[in-house]
Structures are given as C-alpha cells and as structure tokens.
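Data block below; observations after.
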Amino acid sequence: MTAVASLAACSSAAGTTATNQSSTLQDVIKRGTLNVASCLTFPPFGSTDKNNKPQGFDVDVATAMATALGVKVHIVDTTSANRIPNLQTKKVDAVVCNFTTTAERAKQVAFSDPYIVAGEVMLVKKSSGISTLNDLTGKTVAVTKGSTNGDAVKAGNPKAKIQEYDTSSAGVLAVKQGQADAMVEDSNFLNYQAKLDPSLKVTKDSVVPLEYNGIGVPLGDATWLQWVNTWLREFNTSGQANTLYKKWFGVDRVFPLNPSY
C-alpha cells in the first residue's frame with residue numbers, strides 16, 4: 001500500500017508540474033501583447049518615422065508575428081549589446097534585430113530558423129563594369145574601419161586598393177562621388193542604398209561566408225521556439241516575407257534562407 005501511495009503521489013506531483021509549466025507562447029496570448037526588441041538606429045531594419053513611431057523590416061516582421069498570434073506588438077528599442085540581456089531578464093519575448101546566429105550566443109539564448117541572410121557584397125555604379133572580385137584589379141575599394149572586409153578583398157584580389165572610412169555612410173558617399181570604385185559591406189544595407197540611388201547596383205556574390213540571422217527567444221522554452229519556427233515557415237512560404245524584403249530593400253531576396261554546404 002505504501003509503495004502504491006508513493007507512486008500515486010509522484011504521479012500527482014509530476015502532473016501538477018506539467019500543468020503549471022508556462023511557455024512564453026501562453027504568456028503572450030494571455031497578456032495580449034508581444035514584446036519585441038528591435039534596433040531602431042539601424043535602417044532599414046529599424047528606425048523611427050517623423051512621428052517617432054518604430055518602422056523598418058524587423059519591425060514589420062515583429063508586427064506580422066503579433067498579427068499571427070492575434071495580439072498587439074510592443075517594440076522595445078535596443079542595442080546590439082542588450083539583445084541577450086533583454087531576453088534573459090524577460091524584458092522582451094523575442095529579439096528581432098539583425099541577430100546573427102552563432103554557437104557562442106546559443107549558449108545564452110535560443111535562435112529560430114533564419115528569416116534573413118546577409119553576405120558582404122559590393123556596391124558599385126551601374127556603369128562601372130564591376131561584378132566580381134576579379135574586376136577590382138587596380139580599383140579602389142571602400143571598407144569600414146575595424147571591419148574584416150579589407151582583408152577579405154585582399155585575399156580574393158591582392159591587386160585591389162583598400163581605402164578605409166569611419167562609417168558605412170562615408171564609404172557609400174565615396175562610391176557616389178567617384179572617390180572609390182566599390183564598397184564592401186552588408187548586403188542588406190547595400191541593397192537599401194541602391195534602392196535610394198538608381199545609379200548604384202549591388203553585386204551578387206558574397207566575398208565572405210554568409211551570415212544567417214534568426215529571431216532570438218529565451219533559452220529552454222521549446223514550445224515558444226516551435227511556434228516561432230512554424231510561423232516563420234508560413235511567413236516565408238506565403239510570400240509575405242519576400243514582399244516585406246522588397247518593400248525595404250528594393251529587390252527580391254538575394255540569398256536562400258537554407259544554408260548549403
């Protein structure tokens with residue numbers, strides 16, 4: 001009898017624990033609001049409009065998530081350094097902020113499947129005739145100080161001339177003014193620049209390995225991660241994701257979402 005009673009007690013306790021387990025998914029639906037951290041100083045991923053309201057590709061992705069959940073979205077402005085702390089302290093339910101997935105970061109947060117991919121590509125004038133690294137022989141290439149893009153270009157074409165600039169915007173301006181023949185930078189950022197200036201174009205080949213960006217969610221919440229991934233599949237296959245990408249970057253997606261080896 002004692003053994004039976006003990007077994008029953010254990011079963012009851014286990015059942016209570018399972019029942020009491022709460023996922024961010026249930027919390028969000030009950031609250032009626034999805035709290036999402038986005039970087040609002042990195043257009044076109046995130047910025048504010050003239051009325052100081054959040055806007056951008058990542059903001060639209062977060063809004064689409066909330067719509068699918070049947071709740072409102074609340075955008076929390078964040079910095080790159082605060083993305084992980086915001087999740088760990090439960091200030092937000094998810095991070096949608098150009099968040100590159102890495103094994104090191106995955107020790108602290110969980111990542112969804114990729115929702116956007118970035119490469120380091122070249123911005124050139126349409127009339128330049130430049131398409132690949134081989135075309136950079138004797139050409140001046142603008143890169144941002146502190147980045148590894150100059151080394152990547154030199155590895156691919158030692159005869160290219162590297163010119164460093166303090167900011168990405170300064171590098172873009174150098175190309176526009178003819179002070180540089182090309183600029184190497186994040187593909188999504190450069191697609192946005194080409195959208196703003198029809199005299200510019202972005203090359204297709206990445207000069208470095210591609211970076212896969214995912215939605216960050218709290219570590220250990222399998223239910224929430226499963227919902228996010230399931231929604232992302234619908235978001236991508238429905239064409240909604242590409243529509244938003246084209247809205248903000250001016251072109252269809254350049255790189256496939258699924259890594260190839």
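Between the Asn242 side chain and the Arg253 main chain, a donor and an acceptor come within less than 3.5 Å of each other. Side-chain atoms of Ser38 do not come within 3.5 Å of backbone N or O of Gly46 as any donor-acceptor pair. Between the side chain of Lys154 and the backbone N or O of Ala160 there is at least one donor-acceptor pair closer than 3.5 Å. Proximity of a side-chain donor or acceptor of Asp113 to a complementary backbone N or O of Leu232 within less than 3.5 Å is not detected. Formation of a donor-acceptor pair under 3.5 Å by the Ser128 side chain with backbone atoms of Val124 is not found in this model. Judged purely by atom type and a 3.5 angstrom limit, Ser206 uses its side chain to pair as donor or acceptor with the backbone of Glu120. Side chain of Asn188 to main chain of Val117: a donor-acceptor pair is present (N/O by atom type, distance under 3.5 Å, no hydrogens or angles). Side-chain atoms of Lys246 do not come within 3.5 Å of backbone N or O of Gly250 as any donor-acceptor pair. Between the Asp49 side chain and the Asn52 main chain, a donor and an acceptor come within less than 3.5 Å of each other. Judged by distance alone, with hydrogens and angles left aside, the side-chain atoms of Asp135 form a donor-acceptor pair with the main-chain N or O of Thr132 at under 3.5 Å.
The distance between the ring centers of Phe99 and Phe111 falls below 6.0 angstrom. A distance of 6.0 Å or more separates the ring centres of Phe189 and Tyr192.
Under the ring pair (Phe, Tyr, Trp, His ring centres under 6.0 Å) criterion, the residue pairs touching residues 196-224 are Trp224-Trp227, with sequence neighbours excluded. Applying the salt bridge (charged side-chain N to carboxylate O under 4.0 Å, His left out) rule to pairs touching residues 166-191 yields Lys145-Asp166, sequence neighbours excluded. Here salt bridge (charged side-chain N to carboxylate O under 4.0 Å, His left out) pairs that include residues 67-83, with residues two or more places apart or in two chains, number zero. Listed by first then second residue, pairs satisfying salt bridge (charged side-chain N to carboxylate O under 4.0 Å, His left out) with a partner in residues 90-109 read Arg31-Asp93, Glu104-Lys107, not counting sequence neighbours. For the salt bridge (charged side-chain N to carboxylate O under 4.0 Å, His left out) condition, no pair includes a residue of residues 220-239, sequence neighbours left out.
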- [ ] Might you work through the side chain to side chain contact (heavy atoms under 4.5 Å, CB included) test for Leu190 and Val202, ending with a clear yes or no?
- [x] CA-CA 7 Å; Leu190 293 185; Val202 176; 3.9 Å; yes
Task: Worked verdict on Met183 versus Thr144 for side chain to side chain contact (heavy atoms under 4.5 Å, CB included) - done: CA-CA 9 Å; Met183 182 193 183; Thr144 305; 3.9 Å; yes
- [ ] Please assess Val36 against Val76 for the test side chain to side chain contact (heavy atoms under 4.5 Å, CB included), listing each intermediate value before the final yes or no.
- [x] CA-CA 6 Å; Val36 178; Val76 177; over 6 Å; no
Open item on the list: The test is side chain to side chain contact (heavy atoms under 4.5 Å, CB included); show your working for Val109 and Leu219 and say whether it passes.
Closed with: CA-CA 5 Å; Val109 299; Leu219 197 64; 5.5 Å; no
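Each of Gln55, Gln240, Lys247 was checked for a side-chain hydrogen bond (donor to acceptor under 3.5 Å, both in side chains) with Asp60, and the lone residue meeting it is Lys247. Phe57 pairs in a ring pair (Phe, Tyr, Trp, His ring centres under 6.0 Å) with only one of the listed residues (Trp248, Phe42, Phe249), which is Phe249.
Within a 6.0 Å sphere centred on CD of Gln226, heavy atoms belonging to other residues, nucleotides or ligands number 12 at most.
Thr41 pairs by the side chain to side chain contact (heavy atoms under 4.5 Å, CB included) definition with nothing, not counting sequence neighbours.
Counting only N and O atoms by type, the side chains of Asn213 and Thr100 include a donor and acceptor under 3.5 Å apart. In summary, the side chains of Thr24 and Asp27 do not present any donor paired with an acceptor at a separation below 3.5 Å, with no hydrogens or angles considered.
When side chains are defined from C-beta on, Val121 does not count as touching Val207, because their heavy atoms never get closer than 4.5 Å.
When hydrophobic clusters are built by joining Ile, Leu, Val, Met, Phe, Trp and Tyr residues whose side-chain heavy atoms come closer than 4.5 Å, directly or via intermediates, Val92 is not grouped with Leu25.
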